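Chain identifiers are assigned alphabetically (A, B, ...) following the order of the sequence lines, protein sequences preceding nucleic acid strands; residue numbering begins at 1 within each chain. Excluded from the calculations below are hydrogen atoms, water molecules and symmetry mates; all remaining heavy atoms, backbone and side chain alike, are included. Predicted model, so just to flag it, every value in this text is computed and none were measured.
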2 protein chains.
Amino acid sequence: MQDAYGRPAVSYGIFTQFNECSMPAQTLRQLNVVQLRTACSSCSVHELCLPAGLDQHGLEQLDRIVNRKRPLKRGEYLYRAGSALQSLYAVRTGFLKSSVLHDDGREQVAGFHMTGEMLGMDAIGSGKHICDAIALEDSDVCEIPYNELEQLSRNIPALQHHFHRIMSREITRDYGVMLLLGSMRAEERLAAFLLNLSQRFASRGYSPLRFHLRMTREEIGSYLGLKLETISRAFSQFQNEGLVTVRNKSIEISDLERLRLLIGHCSER
Amino acid sequence: MQDAYGRPAVSYGIFTQFNECSMPAQTLRQLNVVQLRTACSSCSVHELCLPAGLDQHGLEQLDRIVNRKRPLKRGEYLYRAGSALQSLYAVRTGFLKSSVLHDDGREQVAGFHMTGEMLGMDAIGSGKHICDAIALEDSDVCEIPYNELEQLSRNIPALQHHFHRIMSREITRDYGVMLLLGSMRAEERLAAFLLNLSQRFASRGYSPLRFHLRMTREEIGSYLGLKLETISRAFSQFQNEGLVTVRNKSIEISDLERLRLLIGHCSER
DNA sequence: CGTCCGGTTGAAACATGTCAAAGAAGGTGG
DNA sequence: CCACCTTCTTTGACATGTTTCAACCGGACG
């Protein structure tokens with residue numbers, strides 16, 4: 001069972017309807033209070049954000065600290081640069097970006113976040129977030145109060161280790177982006193970006209070959225260190241070469257292998 | 001008391017001589033065994049890598065797990081991409097780089113590391129290092145077995161929190177590099193780089209205005225996503241404009257303020 | 001003393017950015 | 001449900017910044 005975007009239907013309780021109807025805010029808030037304790041143990045995507053080796057007792061303890069935030073509408077901020085660290089967040093459904101703002105107004109998209117991914121670790125160092133996190137579509141996130149996570153992870157080694165791994169993976173991801181920004185040309189960057197998305201969709205049970213971009217060309221460009229026109233041209237180029245079929249924000253990868261080969265073979269820069 | 005590079009003399013026991021004389025390797029190794037237990041508590045730079053709130057007991061426990069590695073010669077690897085995670089490392093003296101290698105041989109320098117900075121966190125996620133760490137000058141590092149650190153940090157909240165902060169700061173640093181690579185032009189990048197070095201030297205008690213670069217133009221270029229010729233030209237440009245005086249690898253910043261202004265005011269890219 | 005490595009500089013090539021115009025998509029309110 | 005408005009996207013022509021290629025310099029080192 002899949003939706004219009006080729007996403008497998010994920011059941012996540014009565015929250016589903018919140019994205020589809022427009023309840024008055026008042027009702028919504030009341031329901032949320034009830035929802036605050038929604039259990040990780042019954043979450044359909046918990047294998048994405050929780051350690052495999054977590055036993056029943058550990059799960060229960062975690063359930064006790066994890067809250068569900070009010071669903072975010074497209075364009076809403078999850079947190080803003082400068083705001084104090086309260087919690088880390090795990091994406092339950094939806095799609096977010098985080099972006100760093102330079103003093104002079106330049107924006108650099110630092111990452112895109114999808115189901116099962118964790119946000120907010122940038123704030124642990126200084127106690128303040130250094131980037132904005134913004135929903136690119138209506139999204140639903142779990143909130144993990146940071147202090148309680150730290151405390152709990154002292155008692156549950158598996159959780160502790162898992163948390164370290166998540167932070168470390170953020171670091172390695174960043175290194176990958178640096179490699180991309182520092183040494184690839186435009187088409188390579190876009191190919192790498194598409195392949196990365198493809199792989200992330202695939203590991204969540206979506207099609208690796210057909211997906212919808214949730215972000216604009218400008219946001220892709222910002223992430224890849226390019227202008228939106230360059231992104232647009234690169235897409236056209238890929239399409240002309242029969243690598244992908246682009247129709248607005250829907251992408252179909254026609255030749256995954258050639259897309260892979262493109263990286264590292266189109267220049268020696 | 002300063003050395004030829006304007007660095008304050010750091011006393012760190014009998015190890016000092018290892019950098020200055022050339023003992024037979026055999027003798028060296030024997031001495032190292034004795035040195036393995038060199039105490040953090042007596043380390044002159046421990047305020048750089050250890051939490052402020054660590055009490056005497058905590059320090060002693062940490063001393064028990066931290067080893068001193070054999071000093072690295074210039075050009076030696078601390079670890080290589082692909083090697084299994086054993087330990088994290090704190091730079092005691094010296095200067096290292098970490099670099100990611102792309103399949104096709106392209107190298108991207110992901111960071112430079114100086115006294116008090118921690119390396120190796122990239123490996124926690126997968127259990128393997130994803131980058132090479134190479135000494136750019138003779139260096140001396142402390143080795144912190146990762147498993148033991150994880151265990152110890154469960155018992156010492158201050159240590160745990162400190163470790164999280166260090167990882168988080170690595171993430172925010174990476175975001176800064178992404179901003180730089182993604183949205184700055186060549187001269188801005190170099191200015192940002194120099195200012196960053198300046199500030200790091202300053203916080204270690206060295207001069208913020210005069211310092212020696214430990215890396216080549218090519219390594220700077222790789223870090224900044226530019227070619228070595230571009231770095232060279234940018235240095236010449238800065239010199240012509242009276243911003244810095246460059247003589248080989250020695251840098252003197254003549255106009256810190258104008259260097260700062262340069263970032264964000266030379267383009268709107 | 002010659003060689004090698006790192007650095008500098010110039011000229012030309014090239015990739016990407018900039019500016020502009022026009023078209024398509026998507027959301028909003030009547 | 002349509003019309004309008006805004007935002008996003010595409011494409012072209014041109015400008016610009018950075019790379020590429022090549023020559024040369026100077027210091028370090030055997």
Side-chain angles (χ1 to χ4, degrees), chain A residues 4-5 22 73-76 97 106-109 134 136-138 180-191 193 212-240 244-251 262 265-269, chain B residues 4 22 73-75 97 106-109 136-137 180-191 193 212-240 244-251 262 265-269:
Chain A
Y5 289 163
S22 51
K73 287 252 167 239
R74 186 159 93 88
E76 263 188 289
K97 70 170 174 180
R106 275 179 286 192
E107 181 198 25
Q108 169 77 25
V109 173
I134 303 169
L136 294 182
E137 62 180 15
D138 294 358
L180 181 145
L181 291 173
S183 65
M184 292 187 188
R185 48 202 7 225
E187 295 194 359
E188 289 180 285
R189 293 186 200 189
L190 187 60
F193 174 70
H212 268 252
L213 300 173
R214 266 68 164 188
M215 70 297 281
T216 66
R217 303 285 191 265
E218 183 164 25
E219 286 160 336
I220 299 174
S222 170
Y223 182 62
L224 300 179
L226 299 165
K227 291 279 123 179
L228 66 100
E229 293 95 331
T230 308
I231 301 298
S232 182
R233 280 185 243 273
F235 269 134
S236 303
Q237 180 71 16
F238 284 174
Q239 176 138 304
N240 289 338
V244 301
T245 310
V246 188
R247 198 185 152 74
N248 305 320
K249 298 202 164 164
S250 91
I251 298 289
L262 206 141
H265 288 271
C266 87
S267 102
E268 204 42 52
R269 166 146 143 187
Chain B
S22 51
K73 287 250 166 242
R74 187 160 94 88
K97 69 170 174 181
R106 275 179 288 192
E107 181 199 25
Q108 170 76 25
V109 173
L136 294 182
E137 62 179 15
L180 181 146
L181 290 173
S183 63
M184 291 187 187
R185 47 195 318 123
E187 294 194 0
E188 289 180 285
R189 294 185 199 188
L190 187 60
F193 174 70
H212 269 253
L213 300 173
R214 267 66 165 190
M215 70 297 281
T216 65
R217 302 284 191 266
E218 183 164 25
E219 285 161 336
I220 300 174
S222 169
Y223 182 63
L224 299 179
L226 300 165
K227 293 278 124 180
L228 66 99
E229 293 95 331
T230 309
I231 301 298
S232 181
R233 280 186 243 271
F235 268 134
S236 302
Q237 180 71 15
F238 285 174
Q239 176 139 306
N240 289 339
V244 299
T245 310
V246 188
R247 197 185 154 74
N248 303 321
K249 298 200 164 166
S250 91
I251 298 288
L262 206 141
H265 287 270
C266 88
S267 105
E268 204 42 54
R269 165 147 143 190

Problem set entry | From B/Leu213 atom CG to B/Ile251 atom CD1, the distance as rounded to the nearest 0.5 Å | 4.5 Å

For this session: Indicate the atoms forming the closest heavy-atom contact of A/Thr216 with A/Lys249, along with that distance.
Result: CG2-NZ, 3.9 Å

Problem set entry | Between C1' of C/dT8 and CG of B/Leu228, the distance in whole Å | 10 Å

Exercise. How close or far is atom C1' of C/dG26 from atom CD of A/Glu137, stated in whole angstroms?
Worked result: 16 Å

Exercise. What is the distance, rounded to the nearest whole Å, between atom CZ of A/Phe235 and atom P of D/dT10?
Worked result: 8 Å

Problem set entry | Candidates D/dC8, D/dT20, C/dG7 - which lies nearest the side chain of B/Glu229 | D/dT20

Exercise. Can you find a side chain N or O atom of A/Lys227 that sits less than 4.0 Å from OP1 or OP2 on C/dT18?
Worked result: yes

Problem set entry | Between C/dA15 (C1') and A/Ile231 (CD1): distance, integer Å | 14 Å

Seminar exercise, completed: Output for pair (A/Lys97 NZ, A/Leu136 CG), nearest 0.5 Å, gives 6.0 Å

Exercise. Any N or O donor-acceptor pair linking the side chain of A/Arg233 to the base of D/dG12 at under 3.5 Å?
Worked result: yes

Seminar exercise, completed: In this structure, CD of A/Glu107 is separated from OG of B/Ser183 (nearest 0.5 Å) by 10.0 Å

Exercise. Heavy atoms under 4.0 Å, any strand shown: does B/Leu226 hit a base, just sugar-phosphate, or nothing?
Worked result: sugar-phosphate

Problem set entry | Shortest side-chain distance from A/Asn248, nucleotide among C/dA25, D/dT18, D/dT10 | C/dA25

For this session: Measure the distance from CE on B/Met184 to C1' on C/dG17 and round it to the nearest whole Å.
Result: 18 Å

Seminar exercise, completed: So CE of B/Met215 and CD of B/Glu137: to nearest 0.5 Å the spacing works out to 9.5 Å

Exercise. Which nucleotide, D/dC8, D/dT19, C/dG17, lies nearest any side-chain atom of A/Thr216?
Worked result: D/dC8

For this session: Please state whether the phosphate of C/dG17, meaning OP1 or OP2, lies under 4.0 angstrom from any side-chain nitrogen or oxygen of A/Thr230.
Result: yes

For this session: Ignoring the backbone of A/Ser236, work out which of D/dT10, C/dG7, D/dT11 is nearest its side chain.
Result: D/dT11

Exercise. Between B/Arg217 and C/dG6, does any side-chain N or O lie under 4.0 Å from OP1 or OP2?
Worked result: no

For this session: Whole angstrom is fine here: how far is it from CG in A/Leu213 over to P in D/dT7?
Result: 21 Å

For this session: On DNA chain C, check which nucleotide each of A/Ala186 and B/Val246 is closest to and give me the residue with the more 5' one.
Result: B/Val246

For this session: Can you tell me the distance, in whole Å, between the NE2 atom of A/His212 and the P atom of C/dA25?
Result: 13 Å

Seminar exercise, completed: To the nearest angstrom, the CD-C1' distance between A/Glu188 and C/dA15 comes to 12 Å

